[in-house]
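Computed from a predicted structure; not experimentally measured.
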Amino acid sequence: MTEFTKFYIRFLEQLWNNIIHFFVTIGDLIARMFYKDWAVNGYIQLFTESTVNWTVLDYVAFIFVFIINIGFVGLAIYLIFLLLKRYIRFTSKEIDKDTLIEEVSLLNQKIVELIDEKNKILAMKVSQIGVGGPGMAADAAGVVSKKSENESRFSKLIEVDKMALEAPQITVMNSSDMIDLPTLVNKFINYSASQLGLYYNKETIARWFAGMATSKVIILEGISGTGKTSLPYAMGRFFNQPASIISVQPSWRDRAELLGYLNEFTKRFNETDFLKSVYAASYSDTVNLIVLDEMNLARIEYYFAEFLSVMEMPDVNEWKIDIVPTSDAKDPQKLINGKILIPQNLWFIGTANKDDSTFTITDKVYDRALPIALNQRADLIDAPFTENAVISFEYLDELFKRTQSGYDLSDTASKAFKELDVYIQDTFKIAFGNRIMKQVKLFVPVYMACGFSEFDGLDYMLASKILRKFESLNLTFLKKELDDLKLMLDKLFGKEEFKVSKAYIEELKKLG
């Protein structure tokens with residue numbers, strides 16, 4: 001033990017001496033560079049001794065070289081300054097953005113708390129005037145009314161039940177209505193142009209129908225005024241089932257904002273238009289659309305997360321949303337055990353702007369949805385007068401499934417897409433994933449059936465599903481890699497293919 005102690009003490013002494021020697025050496029080097037070599041027997045003396053025999057040309061060469069060296073050092077310092085400035089600006093922007101988002105979240109929380117406090121105060125005031133208590137409810141004029149024992153807590157949904165019983169929705173298709181996908185695309189374009197004055201190009205509408213065949217959530221994004229809200233509006237008119245447009249509010253923080261909530265004081269359920277639209281779709285036999293307008297004004301995961309999770313289940317009979325914890329004999333017919341089933345003929349359409357007033361749409365939402373970019377208006381067309389479509393959901397769904405049935409990527413496309421997947425994983429650390437590959441196999445055949453090629457479908461899925469994830473990377477330092485990615489696309493698919501993805505890569509380079 002004594003010998004080990006001696007060894008360890010000597011080891012620490014030697015290690016400490018080496019550390020001291022390291023810093024002394026660094027200090028000596030700095031001193032030599034900036035002080036000692038300028039003093040006696042240094043740079044100055046070397047210059048003095050050397051200039052004794054210099055000619056005019058030597059002095060000219062000295063001045064020329066000196067200016068070049070000074071310029072080189074100055075350029076290096078300037079470039080370092082620019083890099084530091086860009087880094088500081090980027091960091092400060094991210095910090096400011098995170099701070100702003102945090103402040104907005106805190107303000108939203110305060111709003112919710114104030115609303116809750118207001119409801120409690122109102123309940124106290126009602127009870128103080130002697131008419132409050134269980135089974136009592138106030139109408140819009142402030143008059144408190146008692147809930148009848150035979151009255152349901154879901155007044156709006158019960159009204160939907162009554163309307164469905166009195167006037168059931170039945171779509172009767174003729175042989176002329178049984179059209180294929182290319183005809184469906186052209187018919188909608190002509191209908192919206194001739195009857196609504198809304199103009200769309202073939203690519204956008206083909207992506208819409210392929211998106212419907214791929215996901216129950218479609219996100220329309222782009223600059224303001226390009227027809228994001230009018231497209232689902234026109235689709236609703238086209239299928240003779242007006243779309244329900246729900247305006248998302250910045251204060252939305254949970255599912256209660258979307259679905260409503262049970263008021264324990266009045267014993268009534270505060271139903272929303274969204275809940276009513278979801279419930280009414282279960283009585284319809286055609287396409288139903290619910291538009292979440294400006295869906296990213298609030299964090300989508302706060303109010304729509306349950307829908308995103310439920311619609312991931314493979315069994316569509318399990319697409320159920322909890323509305324109330326217990327059932328009641330007077331509840332609506334299709335509210336089973338306090339749950340509502342999301343019908344298969346219903347699609348959720350989100351419109352989204354990208355600006356400083358909105359939240360970023362996260363990968364969780366994008367991965368489950370089909371995004372369609374609308375950044376410019378289509379050209380005006382002289383379309384013939386066209387009637388809307390008399391098509392049931394069952395027929396449209398069968399049209400999609402028949403197109404998708406048995407489809408698989410061609411050997412050429414499959415091999416090239418797998419090689420591209422490996423390249424993107426190795427270079428950018430981003431993978432396609434099973435969910436995206438499943439969506440590719442659903443989207444591409446329908447897009448092809450609408451009149452486009454297999455490479456066109458793969459191109460759009462690559463741009464909207466994979467390249468979109470690049471926006472979270474530090475693009476400033478990836479410009480060469482992005483150029484190499486374009487070359488890889490040329491190599492795998494040809495120079496005339498994947499134009500959407502190549503254009504998107506150019507936009508990514510500008511972001512950097």
Original post:
On the ring face of Y279, is K334 found with NZ or CZ under 6.0 Å from the centre and within 45° of the axis?
Top reply: no

Original post:
Is a salt bridge present between K228 and D293, judged by a nitrogen-to-oxygen distance below 4.0 Å?
Top reply: no

Original post:
Which distance, rounded to the nearest 0.5 Å, do you find between the CD of Q241 and the CG of L346?
Top reply: 10.0 Å

Subject >> Those residues that, when tested against E306, pass side chain to side chain donor-acceptor pair (under 3.5 Å) (two or more places apart) >> reply: R255

Subject >> Pair D180-T183, side-chain donor/acceptor within less than 3.5 Å >> reply: yes

Original post:
Are any side-chain N or O atoms of N296 and backbone N or O atoms of A352, one a donor and one an acceptor, separated by less than 3.5 Å?
Top reply: no

Original post:
ring-ring contact (aromatic ring centres under 6.0 Å, His included) with F443: which residues, sequence neighbours excluded?
Top reply: Y447, Y460

**OP:** State whether the side chain of N337 and the backbone N or O of K339 hold a donor-acceptor pair below 3.5 Å, judged by distance alone.
**Re:** no

Original post:
Can you name the residues that form a ring-ring contact (aromatic ring centres under 6.0 Å, His included) with Y191, not counting sequence neighbours?
Top reply: F238

Original post:
Does a side-chain N-to-carboxylate-O contact under 4.0 Å join K486 and E506?
Top reply: yes

**OP:** Check whether any side-chain heavy atom of V440 lies under 4.5 Å from a side-chain heavy atom of L458, and answer yes or no.
**Re:** yes

Original post:
So which heavy atom on C450 is nearest to which on A206, and how close?
Top reply: CB-CB, 3.7 Å

Original post:
Rounded to the nearest 0.5 Å, how far does CG of N201 lie from CG of L374?
Top reply: 9.0 Å

Original post:
Salt bridge check: are K401 and E398 linked by an N-O gap of less than 4.0 Å?
Top reply: no

Original post:
Judged by atom type as modelled, is there a donor-acceptor pair below 3.5 Å linking the side chain of D459 to the main-chain atoms of V500?
Top reply: yes

Subject >> CG-CG distance between L462 and L485, expressed to the nearest 0.5 angstrom >> reply: 7.5 Å

**OP:** Dump the intermediate steps for salt bridge (Lys or Arg N to Asp or Glu O under 4.0 Å) on E159 and K276, then the final yes or no.
**Re:** CA-CA 10 Å; E159 187 65 28; K276 181 180 178 182; over 6 Å; no

Original post:
Is there side-chain contact between F304 and V365, with at least one heavy-atom pair below 4.5 Å?
Top reply: no

Original post:
So which heavy atom on P332 is nearest to which on S152, and how close?
Top reply: CD-OG, 4.3 Å

Original post:
Sub-3.5 Å donor-acceptor pair from the side chain of N190 to the main-chain atoms of N186, do we have one?
Top reply: yes

Original post:
By side chain to side chain donor-acceptor pair (under 3.5 Å), which residues pair with T412, not counting sequence neighbours?
Top reply: none

**OP:** Could you tell me which residues satisfy ring-ring contact (aromatic ring centres under 6.0 Å, His included) with F417, sequence neighbours excluded, listed by chain and number?
**Re:** F432

**OP:** Indicate yes or no: at least one non-hydrogen side-chain atom of M448 is less than 4.5 angstrom from one of V444.
**Re:** yes

Subject >> Residues E454 and Y407: side-chain donor-acceptor under 3.5 angstrom >> reply: yes

Original post:
Taking it one step at a time, do L231 and I205 satisfy side-chain contact (heavy atoms from CB on, under 4.5 Å)?
Top reply: CA-CA 9 Å; L231 176 54; I205 305 309; 3.9 Å; yes

**OP:** Look only at the side chain of Q195 and the backbone of T386, and say whether a donor-acceptor pair between them is shorter than 3.5 Å.
**Re:** yes

Original post:
Is it true that the side chains of N353 and T358 contain a donor and an acceptor less than 3.5 Å apart?
Top reply: no

Subject >> T272: side chain to side chain contact (heavy atoms under 4.5 Å, CB included) partners, not counting sequence neighbours >> reply: F274, L275

**OP:** Please report the closest heavy-atom contact between A243 and V291, naming both atoms and the distance.
**Re:** CB-CG2, 4.2 Å

Original post:
When you measure from the side chain of W347 to the backbone N and O of I218, does any donor-acceptor pair fall under 3.5 Å?
Top reply: no

Subject >> Side chain to side chain, I391 and L184, heavy atoms closer than 4.5 Å >> reply: yes

**OP:** Please answer whether the main-chain N or O of D285 pairs with a side-chain N or O of S392 as donor and acceptor at a distance below 3.5 Å.
**Re:** no

Original post:
Using 4.0 Å as the upper bound for N to carboxylate O, is an ion pair formed by D367 and K469?
Top reply: yes

Subject >> Pairs satisfying salt bridge (charged side-chain N to carboxylate O under 4.0 Å, His left out), at least one member in residues 204-220, at least two apart >> reply: E203-R207

Original post:
Quick one: are K441 and D408 in side-chain contact, heavy atoms under 4.5 Å?
Top reply: yes

Original post:
What residues, two or more places apart in sequence or in another chain, satisfy side chain to side chain contact (heavy atoms under 4.5 Å, CB included) together with S176?
Top reply: N174

**OP:** Take Y200 and V185 through the test side-chain contact (heavy atoms from CB on, under 4.5 Å) and record every step on the way to the result.
**Re:** CA-CA 10 Å; Y200 301 99; V185 170; over 6 Å; no

Original post:
Would you say the side chain of M311 lies within less than 4.5 Å of the side chain of I342, judging by non-hydrogen atoms?
Top reply: yes

Original post:
Do T403 side-chain atoms and V446 backbone N/O form a donor-acceptor pair below 3.5 Å?
Top reply: no

Subject >> Contacts of S284 that satisfy side chain to side chain donor-acceptor pair (under 3.5 Å) - sequence neighbours left out >> reply: Q169, N288

Subject >> Distance in Å, L258 CG paired with F307 CZ, rounded so as to fall on 0.5 Å steps >> reply: 5.5 Å

Subject >> Set of side chain to side chain contact (heavy atoms under 4.5 Å, CB included) partners for S453, sequence neighbours left out >> reply: F455, D456

**OP:** Drop me the distance from L489's CG to E497's CD, to the nearest 0.5 angstrom.
**Re:** 11.0 Å

Subject >> Minimum heavy-atom distance L289-G236, with the two atoms named >> reply: CD1-N, 4.0 Å

Subject >> Contacts of K418 that satisfy side chain to side chain contact (heavy atoms under 4.5 Å, CB included) - sequence neighbours left out >> reply: S414

Original post:
Would R468 and D363 pass as an ion pair if we require N to O under 4.0 Å?
Top reply: yes

Original post:
Quick one: does N388's side chain have a donor or acceptor within less than 3.5 Å of a partner on F239's backbone?
Top reply: no

**OP:** Give a yes or no answer on whether the side chain of S215 reaches the backbone of R368 with a donor-acceptor pair at less than 3.5 Å.
**Re:** yes

Original post:
Mind checking whether F269 and L262 have side chains closer than 4.5 Å, heavy atoms only?
Top reply: yes

Original post:
Between E471 and L508, does a side-chain contact (heavy atoms from CB on, under 4.5 Å) hold up when you go through it step by step?
Top reply: CA-CA 7 Å; E471 293 182 13; L508 290 173; 3.8 Å; yes

Subject >> Any residue meeting side chain to side chain donor-acceptor pair (under 3.5 Å) with K465, in chain and number order, not counting sequence neighbours >> reply: Q439

Subject >> Spatial distance of atom CD (E294) from atom CG (L292) [nearest 0.5 Å] >> reply: 11.5 Å

Subject >> Heavy-atom check, side chain of D328 versus side chain of F154, under 4.5 Å >> reply: no

